[in-house]
Amino acid sequence: MKVYYSDVEQPYHPRRSFFCGRFTAYPDVPGRTRSILAALEGHPAAFQPERPAPVEPALLERVHGRGYLEALAAVCARLKPDEEFFPFHQQRLPLLLESPYPRLRAGYYAVDGSMPLLAQSYAVASAVAATAVAGAQALRAGTGLAYALPRPPGHHAGRQSYGGYCLINHAALAAELLTDAGKVAILDVDYHHGNGTQDIFWERDDVLYASLHCRPEEAYPYIAGTAEEAGGGRGAGCNLNVPLGGGTDWAAYAPALETALEAVARFDPATVVVSLGFDTLATDPIGTFALVPADFAEMARRIAALGKPLLIVQEGGYDVPALGACALSFFGGLGVLPPSEDTA
Ligand code: Q9C
Ligand code: ZN
């Protein structure tokens, strides 16, 4: 299986997150991708790491507004090295877009204050989108399975909004490119609801967004992820949220996964994009679910049973030392490892 990654992200390390009046250590650290890649490197016959070439910047406009992309690029270009910029205003105020201070424009597009912008933020987030684009191209060329490992992650980034450590929505970009060859289902198993992905495809009937996540009453992003959100316009019925409570273990997760998989099977997509988060792990420092690494193998077996071409796109997961084992378990469940090396 091809593993698309980028080392552009390794020096990218925001230090602080902001939540409810406090700064905390930023969980999306460079060690996340290193932990996963190191584990996969132990099985060279199964995983072929590859660094894809950069993509045309205009490609990002298939899922993001040009004004959004230009404003973020402009704000980042003006930041000092090592400056961590948290926008002051965080709301859709039209006046912010007219301000002579370019930094105020970032606030217009921010859904929350959890993440700072750094001078490299836009360049890194847009460069690693190449991993998802390469994955989509591999599927278009007939590959049945590929893995994209972007950092920062993407599913909280909407068409014109950023937050939750995400600026560019990599899974959405891959899904959008794959719609050129038929319907696409996005199955989001990150602990958090992918409000950005939901936003991007809200009115689309050629993309199903199905998400299992901790319910918005108790978890980020708080503003989206209820079961009532089912899509709008032509896209009505093409959005499925399965919110779960804190403490969810495999016994409670498995039937919810079946519900989402049944919806995916009914939709009958040409391809499936999986937004894969390991923050459902019991030991995750920000999630409150109770999955164990072996559960990811069973999750993967059930996803593989769809019998569809799969593009796996990494989202969250913050228990850094555990991420490698989670990835080996998941890909073992997909049948990527020979039985003798299957860790699950
Ligand atoms: N205590 C992803 O997993 N943190 N993003 C809010 C709440 C934001 C997570 C703090 C979590 C974003 C891709
Ligand atoms: Zn998450």
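Every number for a ligand or one of its atoms is a count from 1 in the order of the listing.
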message = Test of understanding: given a 4.0 Å heavy-atom threshold, classify the contact between Asp112 and ligand 1 as side chain, backbone, both, or neither.
response = neither
request  = Measure Asp28 to ligand 1 on non-hydrogen atoms and call it side chain, backbone, both or neither using the 4.0 Å cut-off.
outcome  = neither
query = Is the gap between the ring centers of Tyr162 and Tyr122 under 6.0 Å?
reply = no
query = Is the gap between the ring centers of Tyr209 and Phe201 under 6.0 Å?
reply = no
ask   = Can you list the atoms of ligand 1 that are under 4.0 Å from a heavy atom of Asp279?
value = 3 (O)
ask   = Any N/O/S atom of Glu315 sitting less than 2.8 Å from the Zn ion (ligand 2), backbone or side chain?
value = no
query = Considering the options His193, His213, His170, His192, which one meets the ring-ring contact (aromatic ring centres under 6.0 Å, His included) requirement together with His156?
reply = His192
ask   = To which protein heavy atom is atom 3 (O) of ligand 1 closest, and what is the distance rounded to 0.1 Å?
value = Tyr318 OH, 2.6 Å
remark   = Within 4.0 Å of some non-hydrogen atom of Pro153, the atoms of ligand 1 are 13 (C)
query = For atom 4 (N) of ligand 1, which candidate among Phe18, Tyr165, Tyr26 provides the closest heavy atom?
reply = Tyr165
request  = Verify the distance criterion only: is there a donor paired with an acceptor across the side chains of Gln198 and Asp188 at less than 3.5 Å?
outcome  = no
query = With a distance cut-off below 6.0 Å to the six-membered ring centre and an angular limit of 45° from the axis, does Arg16 pair with Tyr26 as a cation-pi contact?
reply = no
request  = Take the angle between the ring planes of Tyr222 and Phe19 and call it parallel below 30°, perpendicular above 60°, tilted in between.
outcome  = parallel
ask   = What N/O/S atom of Asp279 is the closest to the Zn ion (ligand 2)?
value = OD2
query = Which atoms of ligand 1 sit under 4.0 Å from any heavy atom of His155?
reply = 13 (C)
Aromatic Tyr12 / basic Arg151 pairing, under 6.0 angstrom, 45° off normal = no
key: Top protein contact for atom 6 (C) of ligand 1, by heavy-atom distance   = Tyr220 CD1, 3.9 Å
message = Within 45 degrees of the ring normal and closer than 6.0 Å to the centroid, is that where the cationic atom of Lys183 sits relative to Phe267?
response = yes
task = Just need the protein heavy atom nearest to atom 5 (N) of ligand 1, so name the residue and atom and give the distance.
result = Gly164 O, 3.1 Å
inquiry  = Restricting to N, O or S, what is the name of the atom of Asp190 that lies nearest the Zn ion (ligand 2)?
reply    = OD1
ask   = How is the N/O/S atom of His192 that comes nearest to the Zn ion (ligand 2) named?
value = ND1
Where ligand 1 meets Asp190 - atom numbers and elements under 4.0 angstrom, heavy-atom basis = 3 (O)
key: Any N or O of Glu315 closer than 3.5 Å to N or O of ligand 1   = no
inquiry  = Less than 6.0 angstrom from the centroid, inside 45 degrees of the normal: does Arg159 satisfy that with respect to the ring of Tyr68?
reply    = no
remark   = Per-atom filter on ligand 1: closer than 4.0 angstrom to a heavy atom of Gly316 are 3 (O)
task = Hey, can you tell me if Tyr253 and Trp250 have their rings parallel, tilted or perpendicular (30° and 60° cut-offs)?
result = parallel
key: Heteroatom proximity flag, Ser114 to ligand 1, N/O under 3.5 Å   = no
query = So which protein heavy atom does atom 7 (C) of ligand 1 come closest to, and at what separation?
reply = Tyr222 OH, 3.6 Å
Close aromatic pair by centroid cut-off 6.0 Å: Phe296 and Phe278 = yes
